[in-house]
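For reference, the structure discussed in these notes is given below.
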Amino acid sequence: MKRTINTEDSLLFRDTVGEVRPVAKNRVFQPRKKPRPVPRFREADETSTLRDMLSDHYEPAEQDNDELFYLKPGIQQRTLKKLRRGQIHLDAELDLHGMIVPVARAAVVEFLHECQRRHIQCARIIHGKGLGSRNRGPVLKIKLGSWLRQHEEVLAYCPARHNDGGAGAVYVLLKR
């Protein structure tokens with residue numbers, strides 16, 4: 001059924017609308033949202049502060065050089081058991097194989113900073129067993145233990161399970 005428009009209604013419509021011009025472009029372009037600013041100077045400052053905080057001369061009396069275990073005061077022992085059993089999902093990994101101490105320290109600082117930025121809860125750091133260190137033993141293993149204890153974001157760490165590196169790696173539990 002075709003509807004016809006009354007001429008009186010058509011004139012009323014044209015009077016109301018007024019002069020009509022054709023649209024040149026029939027698309028609307030939304031301005032792009034500006035990306036959030038990246039605080040580069042603050043991040044660089046935090047990184048340098050963290051690098052300065054991790055000293056090679058930190059030697060706590062209770063540190064055991066054979067096994068890397070640490071549980072921050074106030075954290076439940078059950079949390080360390082879950083970490084040791086591998087029941088907390090690993091979200092990141094750092095491999096320190098072949099690095100000398102200054103390079104490894106910078107890598108650990110940067111890795112912990114990145115984990116904090118990405119809200120990672122559990123990570124694995126592979127330090128190796130020190131077989132290439134000749135008579136000095138596992139140098140990075142001992143240093144890593146002291147570096148992790150100095151970092152305020154580290155809640156606990158322990159040796160990894162055998163299939164995740166065993167005595168050559170640690171699981172690190174971090175604040176979210």
Side-chain angles (χ1 to χ4, degrees), residues 35-133 136-176:
R36 296 185 71 193
V38 178
R40 286 186 222 148
F41 290 111
R42 187 184 77 200
E43 287 179 356
D45 186 44
E46 287 176 356
T47 303
S48 67
T49 302
L50 287 175
R51 187 174 292 122
D52 293 341
M53 284 176 34
L54 298 184
S55 167
D56 285 333
H57 305 294
Y58 179 77
E59 295 293 332
E62 68 272 3
Q63 182 172 341
D64 181 11
N65 290 340
D66 283 345
E67 293 283 332
L68 291 178
F69 283 103
Y70 173 70
L71 186 64
K72 193 171 195 167
I75 305 298
Q76 294 181 357
Q77 193 72 28
R78 179 176 41 182
T79 305
L80 183 62
K81 284 182 183 178
K82 283 183 179 181
L83 187 64
R84 284 187 73 183
R85 292 178 182 156
Q87 293 175 339
I88 301 174
H89 179 70
L90 290 173
D91 297 315
E93 176 179 285
L94 173 66
D95 191 348
L96 301 176
H97 275 113
M99 293 184 187
I100 59 175
V101 174
V103 174
R105 179 176 53 216
V108 168
V109 167
E110 186 61 35
F111 178 71
L112 293 175
H113 179 67
E114 184 65 20
C115 287
Q116 181 182 3
R117 191 182 68 73
R118 291 177 41 207
H119 305 288
I120 289 176
Q121 182 185 15
C122 187
R124 176 176 55 179
I125 299 178
I126 303 167
H127 51 74
K129 295 181 181 177
L131 301 178
S133 298
R136 295 184 310 170
V139 176
L140 286 182
K141 179 178 182 178
I142 296 166
K143 297 287 186 184
L144 180 64
S146 68
W147 295 336
L148 292 176
R149 283 177 187 253
Q150 293 175 60
H151 199 279
E152 67 180 41
E153 297 297 317
V154 175
L155 300 176
Y157 60 82
C158 66
R161 292 182 306 158
H162 182 69
N163 59 340
D164 279 340
V170 292
Y171 295 138
V172 182
L173 185 66
L174 302 162
K175 286 182 186 176
R176 284 192 182 204

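Every value quoted in this text rests on a predicted model; they were computed, and no experiment measured them.
Surrounding NZ of K72 are more than 12 heavy atoms belonging to other residues, nucleotides or ligands, all under 6.0 Å away. Counting non-hydrogen atoms of other residues, nucleotides and ligands closer than 6.0 Å to NZ of K81 gives a total of 12 or fewer.
From K82, atom NZ reaches atom CD of Q77 across 13.5 Å, with rounding to the nearest 0.5 Å. In this structure, CG on L155 lies 8.0 Å from CD on E153, to the nearest 0.5 angstrom. The line from CZ of R85 to CG of L83 is 11.5 Å long, rounded to the nearest 0.5 Å. For the atom pair M99 CE and L140 CG, the distance stands at 9.0 Å (nearest 0.5 Å). Separating the CG atom in L174 from the CD1 atom in I88 is a distance of 10.5 Å, to the nearest 0.5 Å. The CD1 atom of I75 sits 8.5 Å away from the NZ atom of K175 when rounded to the nearest 0.5 Å.
Between V154 and R149 the shortest side-chain heavy-atom distance does not fall below 4.5 Å.
A search for salt bridge (charged side-chain N to carboxylate O under 4.0 Å, His left out) contacts involving R78 returns nothing, not counting sequence neighbours. By the side-chain contact (heavy atoms from CB on, under 4.5 Å) test, A92 is found to be paired with F111, C115, I120, A123, residues two or more places apart in sequence or in another chain being considered.
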Would you give me the side-chain donor-acceptor pairs under 3.5 Å for residues 160-168, sequence neighbours excluded?
from	atom 1	to	atom 2	distance (Å)
R161	NE	Y171	OH	3.4
D164	OD1	R124	NH1	3.1
D164	OD2	Y171	OH	2.4

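C158 and L80 make their closest contact through CB-CD1, 4.0 Å (heavy atoms, listed as atom of the first residue, atom of the second, distance). H127 and L144 make their closest contact through CD2-CD2, 3.7 Å (heavy atoms, listed as atom of the first residue, atom of the second, distance). A pairwise comparison of heavy atoms in L94 and A107 identifies CD2-O, 3.9 Å as the closest pair.
The stretch residues 111-122 participates, sequence neighbours left out, in these salt bridge (Lys or Arg N to Asp or Glu O under 4.0 Å) pairs: E114-R117.
With respect to Y157, the side chain to side chain contact (heavy atoms under 4.5 Å, CB included) criterion is satisfied by exactly one of I125, L71, L68: L68.
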